[in-house]
Amino acid sequence: MIGKNSGIMTARYNHRDIELKWAKAWDEAGLFRAHAPAEGEARAKYYVLEMFPYPSGRIHVGHSRNYTMGDVVARFKRAQGYNVLHPMGWDAFGLPAENAAIERGAHPETWTRANITTMKAQLRLLGLSLDWDREIATCDPAYYKHQQAIFLAFWRKGLAYRRSAKVNWDPVDNTVLANEQVVDGRGWRSGAVVETRELEQWFFRVTAYTDDLLDALATLSRWPDKVAAMQTNWIARSAGARLRFALAGAPGGAIEVFTTRPDTLFGASFIALAPDHPLTKQIAGVRPDVAAFAAECASLGTSEEAIEKAEKKGVDLGLRAVHPFEPHATLPVWAANFVLSGYGTGALFGCPAHDQRDLEFARRYGLPVKPVVLPPGADAATFAIGKEAYTGAGTAYRSGFLDALPTEEARGAAIAALERLGAGEGVVQYRLRDWGVSRQRYWGCPIPVIHCTACGPTPVPEDQLPVLLPQDVRFDAPGNPLARHPTWKHVPCPRCGAPAERETDTLDTFVDSSWYFARFTDPQNTERPFDPAAARYWLPVDQYVGGVEHAVLHLLYARFFARALRDCGLLDLPGGEPFGGLFTQGMVTHETYRSVDGQWLAPEEVALQDGAAIEIKTGAPAASGPLEKMSKSKKNVIDLDAFIAAFGADVARWFVLSDSPPERDVEWTAAGAEGAARFVQRVWAAIEGHGRPAPGPGAAPPPGADQGEALALRQAAHRAVAGVTEDIEGFRFNRAVARCYELLNALTRAKGEDEAIVFARGEALRLLVQILAPFLPHLAEEGWEALGFAPFLAAAPWPQADPALVEAAALTLPVQINGKRRAEIEAPKGADEALVRALALAKAEPLLGGLTVRKVVVVTDRIVNIVAG
RNA sequence: GCGGUCGUGGCGGAACUGGCAGACGCGGCGGACUUAGGAUCCGUUGGGGCGACCCUUGGGGGUUCAAAUCCCCCCGACCGCACCA
C-alpha cells in the first residue's frame, strides 16, 4: 500500500546515489561486454548501433533520445537471450575542430579529445548498456591506419581514382564539398554560396554499384520506406536514348544528346547545349557574345534565388544539326542556361510541345512548337499547345513512322530506328555520381599517396602506414595547414627514391563513418581493419538507429563501402547490405523565443504576462517562435548533466520516449519532465509500500488468486508484459510507456492484505520492474533488489506472460443496433456464433422498439451488430 | 514541379487486419492532507442537453451490417529532391 493508507512512510527515491551505485556495479560485472564466438559463445547475436556522435562539445537532452532508443533495444534483446553488441565511438574528424582551432587557438586534437572525455562521461551517466571496451575514435591512428589501407585497396581495384574535376568550392571554409554537402547552392556548414573550381581530386567509384544500390533497396524490408524512396530519387535511374545529331556542313561533327522521350523526336525544334559544353566553349573562343553568355551563367551559379527566377535564356550558336529521322530538316543549335553539363551529355534536343522548359525557351526565342503526341480523346485537327506543355502519354501523330503508336510503343520504335540508323541507342541514365572524397583540410585522414614527378601518384607502402598527421601545424592563415607545413609533405618517392611530395588532401569525414560499424566487430585488430570471421558473425547490424538527415549521405556511402570492401576481399557480407534494420528517430524540440530585435532568448529569460510573453530584462514583448530542434544557437537546449543532477537519468530516458511515437518529434516541456519524475517516484512508492519480497517467476499462486481483484491485477500485469514486448519489438516506445502507466495504476488501485492480493501485487511489481528495465534501468535494478531478488536484473531473462492470464475466459461484447452501441453481453471466449447471437437478441429485444430484425452480424470475440428496420 | 508523410479533445497522442473513438500522459476542475502548496494523494474531465438521448476523427461524396481506418474529389500542414532533358 502506498503512503498514509498503510501507515508506512516512504522515502523519496534518491536517484543520485542509486544511479551511481548500479552504473558502477554493472561496469564491474562486465554485463554489457559482447562476446565473440571464439570465447565459446553459443547465443544468437544481435547488433544494435546508434549513429556515432561527432564530439562537438556537450550532450543535451535532445541527443539522448537516439541513444536511449538504441539502449532500450539492446537491453531488451539481451534479456531475450541474445549475445548483444552495443558499441559506441566517435566520428572525430571534421571541420568544427579545425574552426575551434582557428577561433581559440586550441589544437584540433586537444579540443576533440576534451570533448570526447566530456561526452563519454555524459553518456555513462545516462546508464547506456554500452560495451566501452570497443570504443573507437576515427581520429585515432589505430583507426585511420586501416582506412588508409582500405583506400589503397580501393585504388588497386579501380574503385578509387584520380581525375581533374569541377568541384563545389566553399569560399568560406576554403574547401571542396561533395554534392551532398551543397544545400540550395550553399555550403552545408558555412552557408556560403558555392563556386565551381577545377581541381585534381580523388573519387570513389560509387557508380560501379549503381544498379545494385538501387535494386537492393527492395531487400531492405526493415528500412523506412521514406529512406528507400529518398535513395531511389537520389540515384534517379531513368531509361531513354542517347542519340547523335550530325552537324550540317561539318563532316564527322555531331552533338550527342540524352532523352527519355525519343517518341517526341519529330517534335524537335532546336538543340540546346550547356553553357560549359565543349562545343559551346569552342565557339566562345571566337564569339564574344557566347563567351559573355557562358560567363554570365557561371556567375549565376546554382543559388536558390537564381533557380527561382529561372528565366530561360540562351544564345544561338549559328550551327545547324541534322535530324536523324528527317535528313532534310536541320535544327538550330543554341547554348542555353537551363542545360546542365553534369547530367546526360550536357546537351538536349528541345521539344517545346512536350517539355515545359523547352516550351518556355521556344516562346522566348520564337522557335517552332510542334505537337506530336495527341492526348487521349483530343482531336488532331484542333489540339494545340498554349502555355502548358503536354508531358503525358498519348498517341504519336505528325511523326512519320511512329504515327498512331501509343507513347510507350513509340518510344521503343524510335529507339529501334535510331539503332538501325546507327544514330543512337537505348541507355539508362543516372543522376548518381562518383563520390569526390578529397578535402583541403588538416583534421581528417591523410590520403596515403606520394606524388612523384617521374612515377606519378604512388601509394605509400602498406608497412609505412599510417601516414600520421603532423602535430605542429598552424591555423593562422587560410587554406590547408598540411600544404603549408614546412617539412611534412617532402618525402622521397617510394618507387624511385627521387624527391617527391605527399598528397596534402585528407579524406571526407563521411569516409570515416562508412565502415566504422564493421570496425566495432573487431576494434583491437592491428593487422587488418577487421577480422572477416568476426565481421561475418556480427554483420549486418540488426538494428541501426539514427537521424533521417543521413538518408542519402552516410547511409548510401556505407552501402557502397560494404560492396567495395567485399569486392576487395576484406569483408564477407553476402547481401552487401550493412544495416538490416534501420530506424530513423524524431528529434527533441523545445520552445523558442526571440526579442524585438530578433535575438534568440532562452526560455528562462522570458516570462508570461497576461498571456503574452515578455523579455524579463527589458520588459519588451518577446515573440514565441516555433518549436525547434534543440540547438545552442537557438538557446533552447536543456543540458543533460544539469537535468540528470536534478531528476536523474531514468527520468530523462523515460521522458524522451513518452508521448510521441519514436519516429516523430517530441516536445520537451518542464511539465512533461515533472510527469516523468512523478512516475519514477510512484513506482518506487509502490515497491516500498509493498514492503516484502515478491514471488519469483515460478512461484505457484495461492488459493483465491484466480478470482476477483487478484485475478484482475494478475491479468493486467501479464497483459502489460505481452503488450510491452510487442511494443518494443515494433518500436512503439510511447505505447509501451502508456502500458507501464496502466499497470502502475492497476497496482495502486489494488488494495487489501489477503494472501491472494498480496501475491498478485508482488507478482505485478516484479513484472513491472522487469518490463521497466530497458527504459528505467537504475530504478528497475534497485526495485529488483528491493523485491528480494539477486542482482542483476540487467542480466535476467525477459519475463514470460502467461497466456491464460493474457486471454480472458469471458468477454464483454458490445451489442450494436444499426451500428449504434446499445447494450453489452457476457460471452465465453470463442463462443460459437449461435450462442452469441441468442444472447445478443435476448438482450436487444426490449431496445428494438418494434423494429424487425433483418440480420445479425456476429464477429467472434469482437462485436455483435443487429440490423433492424 | 516530382517524391513522401500526415490532419483525432485545450495539448502530445492511443485505437491490431474495417469491429465499443479518445488508452496513457500533460493541462484544467473538485476534494483530502496541510500554517501554506507550485509537494503528495483521491475523484473528475471530447462537445451539447435537466434528461432517456444527440453530435464528434480537416471538408464533401462513396463502398459496407459496421469507416479515424478502404475508394474518389477538395482543403491544409510538414519533410526530402529539384531547370535531371
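Proteins come first, then strands; the chains are lettered A, B, ... in the order of their sequence lines, and each starts at number 1. Only heavy atoms go into these numbers, but all of them, side chains included; no hydrogens, no water, no symmetry mates.
Under the Watson-Crick and G-U wobble criteria, each requiring two contacts below 3.5 Å, nucleotide B:A14 is left unpaired. With both pairing distances under 3.5 Å, B:G30 is matched to B:C42 as a Watson-Crick or G-U wobble pair. Partner assigned to B:G3 is B:C79, using Watson-Crick or G-U wobble distances below 3.5 angstrom. Pairing for B:C70 is with B:G62, a Watson-Crick or G-U wobble pair whose two hydrogen-bonding atom distances lie under 3.5 Å.
A:Lys820 has no side-chain polar atom (N or O) that falls below the 4.0 Å cut-off from OP1 or OP2 of B:G19.
Atoms CG (A:Leu813) and P (B:G19) sit 15 Å apart, rounded to a whole Å. Per the geometry, NZ belonging to A:Lys312 stands 12 Å off C1' belonging to B:A82, to the nearest Å. If you measure from atom NE2 of A:His550 to atom P of B:G80, you get 13 Å, rounded to the nearest angstrom. A:Asn745 has its CG atom 11 Å from the P atom of B:C41, to the nearest Å. The CZ atom of A:Arg357 sits 13 Å away from the P atom of B:C2 (whole-angstrom rounding). Spacing between atom OH of A:Tyr430 and atom P of B:A85 amounts to 14 Å, rounded to whole angstrom units. The CD1-P distance, from A:Ile415 to B:A85, rounds to 14 Å in whole Å. Between A:Tyr343 atom OH and B:C84 atom P the separation is 9 Å, expressed in whole Å.
Residues A:Phe775 and A:Ala736 come closest through the heavy atom pair CZ-CB, 3.7 Å.
Residue contacts shown for A:Arg749 are absent, as no nucleic acid heavy atom lies under 4.0 Å away. A:Tyr741 comes within contact range of the sugar-phosphate backbone alone, with a heavy-atom separation under 4.0 Å but no base atom that close. Within 4.0 Å (heavy atoms only), A:Ala236 reaches no atom of the nucleic acid at all. Residue contacts for A:Lys313: at a heavy-atom cut-off of 4.0 Å it reaches no nucleic acid atom on any strand shown. Across all strands, A:Gly346 comes closer than 4.0 Å to base atoms (heavy-atom distances). Heavy atoms of A:Gly675 sit under 4.0 angstrom from primed sugar atoms or phosphate atoms, though from no base atom. Nucleic acid contact class of A:Val339 (heavy atoms, under 4.0 Å, all strands): base. When heavy atoms are screened at a 4.0 angstrom cut-off, A:Arg739 is found touching no nucleic acid atom at all.
A salt bridge does not link A:Glu663 to A:Arg732: none of the charged nitrogens lies less than 4.0 Å from a carboxylate oxygen. No salt bridge links A:Asp358 with A:Lys312; every basic N to acidic carboxylate O contact stays at or beyond 4.0 Å.
Under the 4.5 Å side-chain criterion, counting only non-hydrogen atoms from C-beta, A:Arg364 is in contact with A:Lys313. Residues A:Leu220 and A:Leu582 fail the side-chain proximity criterion, which asks for heavy atoms closer than 4.5 Å. The side-chain heavy atoms of A:Phe325 and A:Leu243, taken from C-beta on, include no pair separated by under 4.5 Å. Side chains of A:Leu213 and A:Gln231 form no contact here, defined as non-hydrogen atoms less than 4.5 Å apart. Residues A:Pro662 and A:Leu657 are not in side-chain contact: their nearest non-hydrogen atoms beyond the backbone lie 4.5 Å or more apart.
In this structure, of B:C84, B:G25, B:C54, it is B:G25 that holds the atom nearest to the side chain of A:Arg682. For A:Ala738, taking side-chain heavy atoms from C-beta onward, the closest of the listed nucleotides B:C54, B:C24, B:A85 is B:C24. If you check B:C54, B:C81, B:A85 against the side chain of A:Thr259, the one that comes closest is B:A85. Proximity note for A:Arg735 (side chain, C-beta onward) versus B:A85, B:C26, B:A14: the nearest is B:A14.
Checking A:Asn818 against A:Arg854 by side-chain atom types alone, no donor-acceptor pair falls below 3.5 Å.
B:G51 and B:U45 have their P atoms separated by 14 Å, with the value rounded to a whole Å. Rounded to whole Å, the C1' atom of B:C81 lies 46 Å from the corresponding atom of B:C65. Straight-line distance between the C1' atoms of B:C70 and B:A85: roughly 39 Å, to the nearest whole Å. Between B:C84 and B:C74, the two P atoms lie 25 Å apart (nearest whole Å). Across B:U69 and B:C6, the matching C1' atoms stand 14 Å from one another, rounded to whole Å. As rounded to the nearest Å, B:U57 and B:U44 have P atoms that lie 26 Å from one another. Rounded to whole Å, the P atom of B:A32 lies 28 Å from the corresponding atom of B:G49. Across B:G22 and B:G47, the matching P atoms stand 14 Å from one another, rounded to whole Å.
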**Message:** Does A:Val588 form a side chain to side chain contact (heavy atoms under 4.5 Å, CB included) with A:Ile638? I'd like the steps, not just the answer.
**Reply:** CA-CA 10 Å; A:Val588 181; A:Ile638 303 291; over 6 Å; no
What verdict does the salt bridge (charged side-chain N to carboxylate O under 4.0 Å, His left out) test give for A:Lys629 and A:Asp665, after you've listed the backbone C-alpha separation in whole Å, the side-chain angles of each residue and the deciding distance to 0.1 Å?
CA-CA 9 Å; A:Lys629 177 184 178 179; A:Asp665 291 352; over 6 Å; no
Next item on the list: Could you check A:Arg719 against A:Glu742 for salt bridge (charged side-chain N to carboxylate O under 4.0 Å, His left out), going step by step and ending with a plain yes or no?
Entry: CA-CA 10 Å; A:Arg719 283 173 191 159; A:Glu742 285 178 278; over 6 Å; no
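At a cut-off of 3.5 angstrom, counting only N and O atoms as typed in the model, there is a donor on one side and an acceptor on the other between the side-chain of A:Arg862 and the base of B:C16. Donor-acceptor pairing under 3.5 Å, judged by distance alone, is present between the side chain of A:Arg821 and the base of B:C20.
Ring-centre distance between A:Tyr365 and A:Phe270: not below the 6.0 Å cut-off.
Distance alone, capped at 3.5 Å, is enough to place a donor-acceptor pair between the A:Asn636 side chain and the A:His590 backbone. In this structure a side-chain-to-backbone donor-acceptor pair under 3.5 Å is missing from A:His690 to A:Arg761.
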Going 5' to 3' through nucleotides 3-13 of chain B and flagging B where a protein heavy-atom sits under 4.0 Å of the base, S where only the sugar-phosphate is that close, and - otherwise, we get S--------BS
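Position along RNA chain B of the nearest nucleotide to A:Ile863 versus A:Phe258 favours A:Ile863 as the more 5'-ward residue. Map A:Asp355 and A:Val864 each onto its nearest nucleotide of RNA chain B; the residue landing nearer the 5' end is A:Val864.
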Might you list the N or O atoms of the protein lying below 3.5 Å from N or O atoms in nucleotides 61-66 of chain B, with each pair's distance?
{"from": "B:C65", "atom 1": "O2'", "to": "A:Asn865", "atom 2": "ND2", "distance (Å)": "3.0"}
{"from": "B:C65", "atom 1": "O2", "to": "A:Asn865", "atom 2": "ND2", "distance (Å)": "2.8"}

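Of the residues in residues 718-733 of chain A, none has a non-hydrogen atom less than 4.0 angstrom from any atom of RNA chain B.
The ring pair (Phe, Tyr, Trp, His ring centres under 6.0 Å) test with A:Phe679 is passed by exactly one of A:Phe647, A:Tyr741, A:Trp684: A:Tyr741.
Against the 90° criterion about 0, the sugar-base torsion of B:G10 places it in the anti range.
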